[in-house]
Amino acid sequence: MTGYVARDRRWQPDALTPAYKSSLKRSPQAALISFPTTISEETGPVFGHDILGPLDADLIHNFAADGASAIGPRIIVHGRVLDEFGRPVPNALVEVWQANAGGRYRHRKESYLAPLDPNFGGCGRFLTGEDGSYEFRTIQPGPYPWPNGPNDWRPAHIHFSVFGAAFAQRLITQMYFEGDPMIPLCPIVGVLNAKEAVEALVASLDMTRTVPMDARAYKFDIVLRGRRQTAFENRPEGM
Amino acid sequence: MAQKLTHLRESPSQTAGPYVHIGCTPNFAELNGVYPQDLGNVMKTGVVQGREITVTGTVFDGTGTPLRDAMIEIWQADAAGVYPGQAGCDPNFTGWGRSAGDMETGEFRFETVKPGQVGFRDGRMQAPHVTFWIVARGINIGLHTRMYFEDEAKANAIDPILSRIEHQVRVPTLLAKAQSDGHYRFDIHLQGPQETIFFDS
Ligand SMILES: [Fe+3]
């Protein structure tokens, strides 16, 4: 039987996680209804390079005035998008967003007192290559406080939205930075049940990809659901 | 002990947070000049086949309050029941829509076509439906549901997924209601007595 491997719901976070207060009224209470993927989940939108502008993967410059650049520690984030069987996922659209180096988002509902950087917008996007690889440039975002408990802070992080080959692979997650002492204190990180699940979202400092005198590098691989492939089809497929 | 499986594990999901629109619909978020337009706001790129429809709705939390910081995506077949990217699909239809919802009310809106029927795994036909995916602050992993059409009662009655739902009393939470010619309403309730059915597929 082909189709996508079922999600491991013990590995993925629960809907209701009271320490993250916003989940209380936004979490479905009834059991999810399970069914094997159908063509509706096994297909998805296809994006081409024609949607990309030359600076889309360069957050240091894509909002900056001519000749200017965003303030903050310059970094390269790179890695691969793979499926659960280790196969590369080519042509995946990845969209990223983040706060500036002071921990401030460019958003009308954002009220943190840290200043905006006039040369930093905070969004970027790119497509993975044939081997699933990607790379973008940005500045390291700052940690920021948020209204949850009386003194909760988000560790520095970059948000990732990923489109693989099928809607079944659709995923939004966050990347954290190796060595950040704020990671274990965060209630949003805390929705993950396993220590290994947290580690899977922490990017490693990668000095081999550092550009000397320019930018340090972090490596962050992303894994999407795998598609089963078997030679033993004993039932005709619907399509 | 046994041999180790070498499969990788899916990356854990994390909430899209309150600022998902910065990344996914930056022009909507007043972050202009980075991308020429937001992806997914146009599903029809020319003259499309079939019946053109508008779908509107609101996502409500467990207190009945509309979500104004959600992102809703849809994915559907064309009017003939062919998914974009497959042989014979309507070249002027993307099948994929993304909506940030209205800034004040949270209401989402999609200008699309009524989808045709697509096959199930065993060769039966599925009733016309649109896949929905909802993310927002407070949602730890994207919520997957489907919108079916109230006016497709015959197809719905034998749909392989709708007919296997134990609590049939909940099936109406998946039915879009015709408001006027070509306008369907599909509200989504994350919690409460009208909680929408969500899927794990
Ligand atoms: Fe954030």
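Below, chain A is the first sequence line, B the second, and so on; all start at residue 1. Values in this document were obtained by computation on a predicted structure and should not be read as measured data.
- Across all non-hydrogen atoms, the minimal contact from B:Glu10 to A:Trp11 is O-NE1, 2.7 Å.
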Requested in this report: Run the numbers on A:Ser40 and B:Val118 for side chain to side chain contact (heavy atoms under 4.5 Å, CB included), then give the verdict.
Outcome: CA-CA 8 Å; A:Ser40 303; B:Val118 302; 3.9 Å; yes
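- Using a 4.5 Å cut-off between heavy atoms, A:Tyr20 contacts chain B through its side chain alone, with no backbone atom that close.
- Of all non-hydrogen atoms in B:Met71 and A:Ile172, the two that sit nearest each other are CE-CD1, 4.3 Å.
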Report task. Starting from the C-alpha separation in whole Å, work towards a yes-or-no answer on side chain to side chain contact (heavy atoms under 4.5 Å, CB included) for B:Phe199 and A:Leu32. Result -> CA-CA 5 Å; B:Phe199 294 109; A:Leu32 300 176; over 6 Å; no
**Report entry** A:Ser23/B:Asn140 under side chain to side chain donor-acceptor pair (under 3.5 Å): CA gap, chis, key distance, verdict
**Finding:** CA-CA 7 Å; A:Ser23 74; B:Asn140 289 321; 4.8 Å; no
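- Side-chain contact, A:Glu95 with B:Tyr35: no donor N or O sits under 3.5 Å from an acceptor N or O.
- For the pair A:Arg108 and B:Glu30, the minimum side-chain heavy-atom distance is below 4.5 Å.
- Of the possible donor and acceptor atoms, one in the side chain of A:Gln12 sits under 3.5 Å from a partner among the backbone N and O of B:Ser11.
- In this structure, chain B has heavy atoms under 4.5 Å from both the backbone and the side chain of A:Leu171.
- Atom CZ of residue A:Phe167 and atom CH2 of residue B:Trp75 lie 8.0 Å apart, to the nearest 0.5 angstrom.
- Between the side chains of A:Gln29 and B:Glu195, no donor N or O sits under 3.5 Å from an acceptor N or O.
- Looking at A:Leu52, there are no atoms closer than 4.5 Å to chain B (heavy atoms on both sides), in backbone or side chain.
- Residue contact with chain B, scored on non-hydrogen atoms closer than 4.5 Å, involves the backbone and the side chain of A:Glu110 alike.
- Here the side chains of A:Cys123 and B:Val34 are in contact, with some heavy-atom distance below 4.5 Å.
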Report task. Please test B:Arg9 against A:Asp8 for side chain to side chain contact (heavy atoms under 4.5 Å, CB included), starting from the C-alpha separation and ending with a verdict. Result -> CA-CA 9 Å; B:Arg9 305 188 84 156; A:Asp8 183 345; 3.1 Å; yes
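- Only the side chain of A:Glu41 comes within contact range of chain B, with at least one heavy atom under 4.5 Å from a heavy atom of that chain.
- Residues B:Thr94 and A:Pro45 have side chains not in contact (no heavy-atom distance under 4.5 Å, counting atoms from C-beta outward).
- With a 4.5 Å cut-off on side-chain heavy atoms, B:Leu143 and A:Pro28 count as touching.
- You'll find the side chain of B:Ile161 reaches within 4.5 Å of the side chain of A:Thr38, heavy atoms only.
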Please tabulate, one pair per line, all N/O donor-acceptor pairs under 3.5 Å involving side-chain atoms of residues 131-138 of chain B, not counting sequence neighbours.
unit_1, atom_1, unit_2, atom_2, d
B:Arg137, NE, B:Asp69, OD2, 2.9
B:Arg137, NH1, A:Ser22, OG, 3.0
B:Arg137, NH2, B:Asp69, OD2, 3.3

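- Ring to ring, A:Phe163 and B:Trp96 are close: their centroids are under 6.0 angstrom apart.
- B:His129 meets the ring-ring contact (aromatic ring centres under 6.0 Å, His included) test with B:Tyr148; sequence neighbours excluded.
- Contact annotation for A:Ser161: only side-chain heavy atoms (C-beta onward) come within less than 4.5 Å of a heavy atom of chain B.
- Residue pairs meeting the side-chain hydrogen bond (donor to acceptor under 3.5 Å, both in side chains) criterion with at least one partner in residues 45-57 of chain A, sequence neighbours excluded, are A:Asp56-A:Arg125.
- Looking at heavy atoms from C-beta onward, B:Cys24 lies in side-chain contact with A:Trp97 at the 4.5 angstrom threshold.
- Only the side chain of A:Val191 comes within less than 4.5 Å of a heavy atom of chain B; its backbone N, CA, C and O stay farther away.
- Looking at heavy atoms from C-beta onward, B:Leu67 lies in side-chain contact with A:Arg26 at the 4.5 angstrom threshold.
- The shortest non-hydrogen separation linking B:Ala29 to A:His107 is CB-CD2, 4.4 Å.
- Heavy-atom neighbours of chain A within the stretch residues 50-66 of chain B, taken at a separation under 4.5 angstrom, comprise B:Asp61, B:Gly62, B:Thr63.
- In this structure, chain A has no heavy atom under 4.5 Å from any part of B:His189.
- For the residue pair A:Tyr4 / B:Ser201, no side-chain donor-acceptor distance below 3.5 Å is found, with atom types taken as modelled.
- Heavy-atom distances place the side chain of B:Gln126, and not its backbone, under 4.5 Å from chain A.
- Counting heavy-atom pairs under 4.5 Å between each of B:Ile197, B:Leu31, B:Thr15 and chain A puts B:Thr15 at the top.
- Put simply, of B:Met103, B:Gln37, B:Met125, the one with the most heavy-atom pairs under 4.5 Å next to chain A is B:Met103.
- Most heavy-atom pairs under 4.5 Å with chain A, from the set B:Ile141, B:Ile165, B:Thr196: that is B:Ile141.
- With a threshold of 4.5 angstrom between heavy atoms, A:Arg170 approaches chain B through its backbone and through its side chain.
- Put simply, the side chain of A:Arg7 reaches to within 4.5 Å of the side chain of B:Asp200, judged on heavy atoms.
- Residue A:Gly86 comes nearest to B:Leu8 through the heavy atom pair CA-CD1, 3.8 Å, listed as atom of the first residue, atom of the second, then distance.
- Side-chain contact, A:Thr43 with B:Gln86: no donor N or O sits under 3.5 Å from an acceptor N or O.
- Contact annotation for B:Phe198: both backbone and side-chain heavy atoms come within less than 4.5 Å of a heavy atom of chain A.
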Query raised in the report: Would A:Ile39 and B:Arg121 satisfy side chain to side chain contact (heavy atoms under 4.5 Å, CB included), going step by step from the backbone distance to the final call?
Result: CA-CA 8 Å; A:Ile39 188 168; B:Arg121 306 176 67 81; over 6 Å; no
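- Contact annotation for B:Val20: both backbone and side-chain heavy atoms come within less than 4.5 Å of a heavy atom of chain A.
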